[in-house]
Amino acid sequence: MKEKYDFHEIEAKWQEYWSGKGLNKTDTDASREKFYCLEMFPYPSGKIHMGHVRNYAIGDVIARYKKMRGFNVLHPMGWDAFGMPAENAAIKHGLHPAKWTYENIESMKKQLDRMGLNYDWDREVTTCSPEYYKWNQWFFLRLLEKGLAYRKSSFVNWCPSCATVLANEQVIDGKCWRCDSLVIQKELEQWFFRITRYAEELLRDCDKLTGWPERVVLMQKHWIGKSEGAEVDFPVQGMDEKIKIFTTRPDTLFGVTFMCIAPGHPLAEKLVRDKDKLNAIKEKYGKIEEKVGFFTGQYAVNPLTDRKVPIYVANFVLMEYGTGAIMSVPAHDQRDFEFAGEYDLPVVPVIVPEKSAGGKDLPASEFKQAYEDEGILVNSGNFSGLKSSQAKTEIGKYIEEKGLGKRTINYKLRDWGISRQRYWGTPIPVIYCDKCGIVPVPEKDLPVILPEDVKFTGKGGSPLAESEEFRKVKCPKCSGEARRETDTMDTFVDSSWYFVRYCSKRDENPLDKRNISYWMPVDQYIGGIEHAVLHLLYSRFFTKALRDLEVLPFDEPFLNLLTQGMVCKETLRCPEHDWLFPEEAQDGKCVLCGRPVDRGRVEKMSKSRKNVIDPDALIRRYGADTMRLFSLFAAPPERDLEWSDKGVEGAHRFLNRVWGIVYKNSDSKNSNELPVTSDKLKTKEKPGDSSLVIRHSLLLVRKTHQTIKKVTGDIDREYHFNTAIAALMELINEISSFTPEADEDRASLFFALKSILLMLAPFAPHIGEELWEAIGEKSSIFESPWPVWDEALAKEEEVELVIQVNGKLRAKLLVPAGLSDEEARQRSLEDAKVKEIISGKEINKVVVVKGKLVNIVTSNK
RNA sequence: GCCGGAGUGGCGGAAUUGGCAGACGCAAGGGACUUAAAAUCCCUCGGAACCUCGUUCUGUACGAGUUCGAGUCUCGUCUCCGGCACCA
C-alpha cells in the first residue's frame, strides 16, 4: 500500500476492474427482490455539468447501497438525444445532427465513467436511434386507433426563434422554456395527444404518489386544475343562437348584468357588424395589462330571470378555457366589477355575507369592490335565503330539469400538442392522400426513418418538407401519389416511456411483459424539480394510455421521486469585462484588467453568468470521489447546494485522513481473526476487569455500532447523505485518537475500519475498493453485504441525565441507562446544586422523561 | 393576487416523536513540528456581563399563545424563494 492517496491511479484502476468484471451488469434473476433506481437521462449537449454530477452521484449512492443491502438493482443510463441544439449545430457548423449527437454521447459517456458511476451500459437507450423511435411511432399509431391522437387546427404557442410550436407546459412566463424568446400565437394544423381524457384519473391518482414530494404533487394538481360548476345556455335575443357559458358560481346567476365572449368565439363574427372593432380586440387578446371590450349591440336573455343583458366582446375572455364565453356578475367578481365600472354597467348584489343575513340589499353605489365570498342568496327568486353551497346544487338541479344547462366539470389541462416543425425528432408516421385522407403508416413499414441528406438552412419550415425524397410516397391504401407528414414529434414523447425500454435488453422486445412486470415501476426516480409538470405529467399520461393498450400492467410509473436542488454559486462581475469565470478573478481582482470584481448573489450555475465549475477540472484536481463526496455532504439532496471551493478541499482532506489511518494501521489486519462480538466485550466489561485499554476498545466498538445504525437510518430515511457522511467523519475522528495496545484493541480497530470502508464505499467507491483491498479483502467491496449493528452493543450503559428546574438547565448527572423514573427523580433532588436552587421553595411537580431529563417545577419562581 | 416552502453562529448545515440548540464541515484565532513555508497534528470558537477560574444572563426572522418544557405546535406580522396567474 502506498503512503500517499493517489486518486488518479486508483480511480482508473477500479473503473477498469468494475467494467472488466462486469460488476455493473444487471442480474436477470427474477427470484430476487428488485430495486429500480433511475436518474433522469441527460440531453447529450457534449459536456456534463454540476447539476448532472449531483443528480448522478445521488443515484449512484442509492444504487450501490441497495445492492449491498441485497437487492437486485437495475441502474441504467441513456440519452435524450433528439432536440434542437443538434439541429442548431447543423445550421451553424454544417455538422449533421446525428454525427454531432453521437460524438457528444461518446464524450459524455467517458465523463460519466470517470465519475465512477455504476451504470449497466448494456441497456443504454439512445432516443434518436431508429430502433428506439420506431416505438414512438408504434405508440402513436396505437393512440391514433384509440382516438387518443388526433389532428386539429388551433391557435398554438409559437416560438419565433426555435421556429416551432410549444406545448402549454413549455411556455414559461410567456416565454419559450428553452430559449426565452417571447412566444406568439399562431394558427396551425397540429397533432395532439388527448391527455385531457385522463385528466380525472391523473388527478385522482395523485393520491397514489405517496413517495413524491408534496409540492410536486400539488403542482400537478394545480396544472390539471379541476373546477366544478355548471354550463348554462343564454339565448341571444332575436336570433336562433345560444351562448353557452361555464361558471363555478351558479349561485350568482341572478346577479348577471352582462355577458362577455372571447374575440375568437364562433358567434363573435355573427354578432358584430363592425369587423374593425373586432379585429382591434383580437389584437389585444391575451394581453394582461389592459382589459378592454365593446358592446356588440346584441342582447342575451338570462334563462333564470328572463331579463335581457348586453353582450360584450372582451379581450380577457379565453377561448381555450370553459366555453369561450362568460356570464358577468360584477357584484361578486372583482374583474367583472372593474369592467362594469369602466363601461357603466349595473351592479346587482345577490349574495350577502352570512352574518348580515336577513339584512337589506346593499345599494350598488355602496359597493367598493366585489363580494367574492360565499354567503346567503338575496334577489334570487325562489332561491333567496339559501346558502351559496345549497344554492349551487339547487340551481344546478333546476337548470338541468328545465333543460337550460347542466352541472359540469372543467379542467385547465389542455391536450398535448406534439407536432414540431423540426428535423431532429421522431417522424410522425402518417401519410396524406388526396383520395384517402389521413392514412397511418402500416406497422410493417415502421420505422419511418429520418432521411440523412437534408439541407439545414435555418430558414423557416421543417427541413423534412424540403426533402422531395422523404415527402413523396405512395398511399398505402390506394397506391396513388401521396405525401408524408413532415412534422416530427415533441421530444417529450421520447422521454415518456424510456424507463420502460431499460427493462429489457437491447436485443429483446421492448414490450416484453415479463421484464416489464418484474422491473417496473421505478422504485426511485431522481431528477430536477423543473420537470414537476412537464416530463412527469407526460410520463404519467403515457403510462396510463399504454396500460389501456395493454402494454403496461400498472397505473403509475414512479413510486418514489427525489427532486434534487440546484447547484448554485456566487456570480462575479467585472465593470469592464462583465461576467467572469471563477478562475478569471484572483484576490478580488479581474485577471484581465485588474479592476476590483463585484461579488453578486448566489445563483444557479449557468453558462450565461459564468458561475460554473467544470467537473472534469475538478476530477483532475481532486478526483471523482472527492467531487462526489462534497456534492453529497454540502446539503441534503432536495435542497439547493451552494458551491464552495473550500468545502471541496474539506471533503478531500477527509478522504486523505481515511487513507492515512488505514495506512497507519494496515498491519492490524493480522488481528482479523479475532472477532469482536457482544459476548466478548460484555465479559470484559465485568467489574474488576475493566482495564483502561479494554474500556477504550469498548467505546470504539460501541461508536462503530452507533455509526452503522445512524448511517443506515439516515440513508433509509429520506436519503440524508449529509448527516450520514457527518457520522462517518465522527467515527474517523474517534479512530484517529485511538491507539491500539492489546490484540483486542487491534481487533476493535479493525472492525471499526472495515465498517467505515463499507459505509463509505457507496459515496466514494474508488477509495472504498482500494482500501478494502489494502486491508486484505479479496473480492469487491460491493459484493460484500452492508454492515449490521448490534443493538446491545450500540447502547450506552450510562446516560447523561439533564436536570432542569422550572425548565432551565441546572445540572447534568451521569446515570446508568434504564434507571427507573422514581430513582431518577430521587437522584435529581439529591444533587447538591439542585438542592441549593430549590431550597425554600415548594416543589409542585417533577416531570421525568425516561433516560433523558428531569424537570423540577417549583412555586414562586 | 392565489397556492406552496423556507428563515438557526462569520458561512454550509445538524437537532428523527415537544425534552441539553449549534453535530459534522468550512472560515477565523492560538499552539506544536519546520531554517522557513505548505501539509499535518493539538486547542479555542453564538452573544453579553461579571468576583479572569468559572458562573450567570441571553439567543433559532418578529410579536403573542399553548405547555412543566417550544427551533419544533397554534395565531398574527415581516422577509426571501418556488409554482400558478385574466381559469369565469
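Quick note on labels: first sequence line is chain A, next is B, and so on, each numbered from 1. The structure displayed is predicted, hence computed values, not measured ones.
Between B:rC81 and B:rG12, the two P atoms lie 16 Å apart (nearest whole Å). Taking atom P on both B:rC33 and B:rA70, the two are 50 Å apart, rounded to the nearest angstrom. Between the C1' atoms of B:rU66 and B:rG18, the separation comes to 12 Å (whole Å). When the C1' atom is compared between B:rG46 and B:rG29, the two are found 16 Å apart, to the nearest whole Å. Remark: the separation of the P atoms in B:rG10 and B:rG59 is 16 Å, to the nearest Å. For the P atoms, the distance from B:rU16 to B:rG71 is 13 Å, rounded to whole Å. When the P atom is used for both B:rU72 and B:rA61, the distance is 8 Å, rounded to whole Å. A gap of 33 Å separates the P atoms of B:rU52 and B:rG25, to the nearest Å.
For the pair A:D251 CG and B:rA88 C1', the computed distance is 13 Å after rounding to whole Å. Residue A:F339 contributes atom CZ, which lies 18 Å from atom P of B:rA88 at whole-angstrom precision. Straight-line distance from the CG atom of A:D640 to the C1' atom of B:rG5: 12 Å, rounded to whole Å. For A:K221 and B:rC2, the NZ to P distance is 21 Å, given to the nearest whole Å. Going from atom CE of A:M259 over to atom C1' of B:rA88 covers 11 Å, rounded to whole Å. Going from atom CG of A:L218 over to atom P of B:rG83 covers 14 Å, rounded to whole Å. Distance, A:L809 CG to B:rG59 P: 15 Å, rounded to whole Å. In this structure, A:I725 atom CD1 and B:rC26 atom P are separated by 13 Å, rounded to whole Å.
Side-chain to base pairing of A:K710 with B:rU16: one donor and one acceptor N or O lie within less than 3.5 Å of each other. Residue side chain A:K845 does not reach the base of B:rC68 through any donor-acceptor N/O pair under 3.5 Å, judged by distance alone. Interface remark: the A:R249 side chain does not form any donor-acceptor pair with the B:rA88 base, using a distance-only criterion of under 3.5 Å.
Heavy atoms of A:K808 sit under 4.0 angstrom from primed sugar atoms or phosphate atoms, though from no base atom. A:N733 comes within 4.0 angstrom of the backbone, heavy atoms only, and of no base. A:V846 comes within contact range of no nucleotide atom at all, as no heavy-atom separation falls under 4.0 Å. Among the atoms of the strands shown, base atoms are found under 4.0 Å from some heavy atom of A:R717. Residue-level contact check: A:Q804 touches the bases, meaning some heavy atom is under 4.0 Å from a base atom. Within the nucleic acid shown, A:S644 has no heavy atom closer than 4.0 Å to any nucleic acid atom. When heavy atoms are screened at a 4.0 angstrom cut-off, A:G650 is found touching the sugar-phosphate backbone but no base atom. Residue A:K412 is classed as a base contact, given a heavy-atom separation below 4.0 Å to a base. Among the heavy atoms of the strands lying under 4.0 Å from A:N855 is at least one base atom, whether or not backbone atoms are also near. Nucleic acid contact for A:Q334: none, since no nucleic acid atom lies under 4.0 Å from a heavy atom of the residue.
Ring pair A:Y538/A:W416 is parallel by interplanar angle, where below 30° counts as parallel and above 60° as perpendicular. Using the six-membered ring where Trp is involved, A:H531 and A:H535 have ring planes that are perpendicular, over 60° apart on the 30 and 60° scheme. Under the 30°/60° scheme for interplanar angles, the aromatic rings of A:F246 and A:Y321 are found to stand perpendicular.
The pair A:R249-A:D251 meets the salt-bridge criterion, since a charged nitrogen lies less than 4.0 angstrom from a carboxylate oxygen. With respect to the salt-bridge test (charged N to carboxylate O, under 4.0 angstrom), the residues A:E342 and A:K291 do not qualify. Between A:K710 and A:D714, at least one side-chain N (NZ, or NE/NH1/NH2) sits under 4.0 Å from a carboxylate O, which counts as a salt bridge. Electrostatic pairing of A:E734 and A:K703 does not count as a salt bridge here, judged by no charged N lying under 4.0 Å from a carboxylate O. Salt bridge annotation for A:R414-A:E320: absent, with no cationic side-chain nitrogen under 4.0 angstrom from a carboxylate oxygen.
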Contacts under 3.5 Å, N or O only, protein and nucleotides 39-47 of chain B:
| residue | atom | partner | partner atom | Å |
| --- | --- | --- | --- | --- |
| B:rC41 | OP1 | A:R657 | NE | 3.4 |

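With B:rA27, B:rA88, B:rG19 as the candidates, the nucleotide lying closest to the side chain of A:K852 is B:rG19. Each of B:rC68, B:rC24, B:rG13 was ranked by its minimum atom distance to the side chain of A:P636; first place goes to B:rG13. Proximity note for A:T247 (side chain, C-beta onward) versus B:rA88, B:rC20, B:rG82: the nearest is B:rA88. Closest to the A:N315 side chain, of the nucleotides B:rC24, B:rU16, B:rC86, is B:rC86. Which of B:rC86, B:rA14, B:rG4 sits closest to the side chain of A:K291 comes down to B:rC86. Here the nucleotide nearest the side chain of A:E730, chosen from B:rC86, B:rA23, B:rU16, is B:rA23. You'll find that the side chain of A:F246 is closest to B:rA88, out of B:rC86, B:rA88, B:rA27. Side chain of A:V317, nearest nucleotide from B:rA14, B:rA88, B:rG83: B:rA88.
Taking the syn range as angles within 90° of 0, the glycosidic angle of B:rG13 is outside it, so the base is anti.
Remark: A:E823 pairs with A:L819, A:S820, A:R827 by the side chain to side chain contact (heavy atoms under 4.5 Å, CB included) rule, at least two apart or across chains.
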Query raised in the report: Would A:E791 and A:K709 count as a salt bridge (charged side-chain N to carboxylate O under 4.0 Å, His left out) if you check the C-alpha gap in whole Å, the side-chain angles of each, and the deciding distance to 0.1 Å?
Result: CA-CA 8 Å; A:E791 195 62 56; A:K709 182 178 181 176; 2.9 Å; yes
Requested in this report: Assess whether salt bridge (charged side-chain N to carboxylate O under 4.0 Å, His left out) is satisfied between A:K226 and A:E200, documenting all intermediate values.
Outcome: CA-CA 8 Å; A:K226 179 178 181 172; A:E200 187 58 37; 3.0 Å; yes
**Report entry** Verdict with supporting geometry, A:K392 and A:E374, salt bridge (charged side-chain N to carboxylate O under 4.0 Å, His left out)
**Finding:** CA-CA 10 Å; A:K392 282 181 185 175; A:E374 303 205 333; 2.7 Å; yes
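Each of A:A727 and A:I856 lies near RNA chain B, and the nucleotide nearest A:A727 is the one positioned closer to the 5' end. Nearer the 5' end of RNA chain B, as judged by each residue's closest nucleotide, is the contact made by A:G807, out of A:F316 and A:G807.
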Query - Watson-Crick or G-U pairs under 3.5 Å in RNA chain B, rendered as dot-bracket with [ ] for crossing pairs and | for another strand - result: (((((((..(((......[....))).(((((.......))))).(((((...)))))..(((((..]....))))))))))))....
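Ring-centre distance between A:F7 and A:H652: below the 6.0 Å cut-off.
The closest side-chain heavy-atom distance from A:H332 to A:V329 is below 4.5 Å.
Between A:N722 and the phosphate of B:rA14, there is a side-chain N or O to OP1/OP2 separation shorter than 4.0 Å.
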